[in-house]
Amino acid sequence: MAGFSSVLRRTYLTLYNWTVFIGWQIFHGLVGLVRSPITATLPQISSRFFVAWGILWSFPEVRTHVLVSSLVISWSITEIIRYSFFGTKEALGSAPSWLLWLRYSTFMLLYPTGITSEVGLIFVALPYIKESEKYCIRMPNTWNFSFDYFYNAILVLGIYVPGSPHMYTYMLGQRKKALSKSKKE
């Protein structure tokens, strides 16, 4: 019996994890299941992927930095609120006003702390990136192509400069629409 429950558990977890992977918000936006524009979702997921894999997984020296705690707290609270809001809204047709308020208000604190943590961790990782030359491709090579992960990380930092205010302003607009719509109902 233990063998069957183990197979059942593994099958369920495999299906669940692949469903979550395939069902990331980018996919839902592409096929029109949600109204979230790709231009808002893609930068969020890309930055999280870059920080999680490209920094924290790739450079273990950075994992003990205090900014990891603020990053995990910011990301976690954001996701708990986001998915409980959308789950409740899908299941019941609407979400309670307090959950709507949390969904469209907590970002005002969590975006800045999350973004500051992301930028800070990339900055902290720069010396390790430069020293290790991990993910760098040097010429000459068969592809006649070079890539320097250190400069890529600096480019990513540069994208945060216009990207962060853009995303924050976008969320302020979403907040205004959502909260004013709820007052009319």
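The structure presented is a predicted model; accordingly, all values stated were derived computationally and were not measured.
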(message) For Arg10, I'd like to know if atom CZ has over 12 heavy atoms of other residues, nucleotides or ligands within 6.0 Å.
(response) no

(request) Rounded to the nearest 0.5 Å, what's the gap from CD1 on Ile115 to OG on Ser74? Could you check? (result) 9.5 Å

(message) Is any side-chain heavy atom of Trp75 closer than 4.5 Å to one of Val51?
(response) yes

(request) Heavy atoms only: give me the nearest Thr116-Pro112 pair and the separation to one decimal. (result) OG1-O, 2.6 Å

(message) Could you measure the distance from the CG atom of Leu71 to the CD1 atom of Ile55? Nearest 0.5 Å is fine.
(response) 11.0 Å

(message) When you measure from the centre of the six-membered ring of Tyr149, is the NZ or CZ of Lys134 closer than 6.0 Å and no more than 45° off the axis?
(response) no

(message) Please give me the minimum heavy-atom distance between Met139 and Phe145, naming the atom from each residue.
(response) CG-O, 3.4 Å

(message) Is there a path of hydrophobic side-chain contacts, each under 4.5 Å between heavy atoms of I/L/V/M/F/W/Y residues, joining Phe59 to Tyr151?
(response) yes

(request) Taking the side chain as every heavy atom from C-beta outward, state whether Lys176 and Lys181 have any pair of such atoms under 4.5 Å apart. (result) no

(message) Pairing donors with acceptors under 3.5 angstrom, does anything connect the side chains of Thr113 and Ser70?
(response) no

(message) Tell me if a side-chain donor or acceptor on Asn144 pairs with a main-chain N or O of Asn141 at a distance below 3.5 Å.
(response) no

(request) Please report the closest heavy-atom contact between Pro165 and Val161, naming both atoms and the distance. (result) CD-O, 3.0 Å

(request) Please check if the side chain of Arg103 supplies one atom and the backbone of Arg82 the other of a donor-acceptor pair under 3.5 Å. (result) no

(request) Run the salt-bridge test on Asp148 and Lys130 with the 4.0 Å N-O cut-off and return the result as yes or no. (result) no

(request) State, with a plain yes or no, whether a side-chain heavy atom of Leu30 is found less than 4.5 Å away from one of Ile38. (result) yes

(message) Would you say CZ of Phe123 has more than 12 non-hydrogen atoms from neighbouring residues, nucleotides or ligands within 6.0 angstrom?
(response) no

(request) Taking atom OH of Tyr135 as the centre, report whether more than 12 heavy atoms of other residues, nucleotides or ligands fall under 6.0 Å from it. (result) yes

(request) Could you tell me the separation between the OG1 atom of Thr78 and the OH atom of Tyr111, rounded to the nearest 0.5 Å? (result) 7.5 Å

(message) According to a hydrophobic-cluster definition based on side-chain heavy atoms being under 4.5 Å apart (Ile, Leu, Val, Met, Phe, Trp, Tyr only), do Ile159 and Leu157 belong together?
(response) no

(message) Nearest 0.5 angstrom please: Cys136 SG to Phe150 CZ, how far?
(response) 10.0 Å

(message) Testing the basics here: between Asn152 and Phe50, what is the closest heavy-atom pair and its distance to 0.1 Å?
(response) ND2-CE1, 3.7 Å

(request) Would you give the length of the straight line joining atom OG of Ser94 to atom CZ of Phe85, rounded to the nearest 0.5 angstrom? (result) 9.0 Å

(message) Counting only heavy atoms not in Trp53 (residues, nucleotides, ligands), do more than 12 fall under 6.0 Å from its CH2?
(response) yes

Show every donor-acceptor pair shorter than 3.5 Å between a side-chain atom in residues 61-69 and any protein atom, with sequence neighbours excluded, or say none if there are none.
unit_1, atom_1, unit_2, atom_2, d
Arg63, NE, Leu56, O, 2.7
Arg63, NH2, Leu56, O, 3.4
Arg63, NH2, Trp57, O, 2.9
His65, ND1, Leu67, N, 3.1

(request) Taking the side chain as every heavy atom from C-beta outward, state whether Met171 and Met108 have any atom pair closer than 4.5 Å. (result) no

(request) Hey, could you give me the OG/OH distance between Ser5 and Tyr12, rounded to the nearest 0.5 Å? (result) 15.0 Å

(request) Tell me whether Ile122 is reachable from Val72 by hopping between hydrophobic residues (I, L, V, M, F, W, Y) whose side-chain heavy atoms are closer than 4.5 Å. (result) yes

(request) State which residues pass side chain to side chain contact (heavy atoms under 4.5 Å, CB included) with Pro96; sequence neighbours excluded, sorted by chain then number. (result) Thr88, Trp98, Leu99

(message) Are the side chains of Phe107 and Arg175 in contact, using a 4.5 Å heavy-atom criterion?
(response) yes

(message) Distance alone, cut at 3.5 Å: any donor-acceptor contact between the side chains of Tyr160 and Glu118?
(response) yes

(request) Determine yes or no for a side-chain-to-main-chain donor-acceptor pair under 3.5 angstrom, with Ser105 supplying the side chain and Leu102 the backbone. (result) no

(message) Please determine whether residues Met167 and Phe49 belong to a single hydrophobic cluster, defined as Ile, Leu, Val, Met, Phe, Trp and Tyr linked transitively by side-chain heavy-atom distances below 4.5 Å.
(response) yes

(request) May I ask whether Ile129 and Ile137 are part of the same hydrophobic cluster, defined by side-chain heavy atoms of I, L, V, M, F, W, Y residues being less than 4.5 angstrom apart, directly or through others? (result) yes

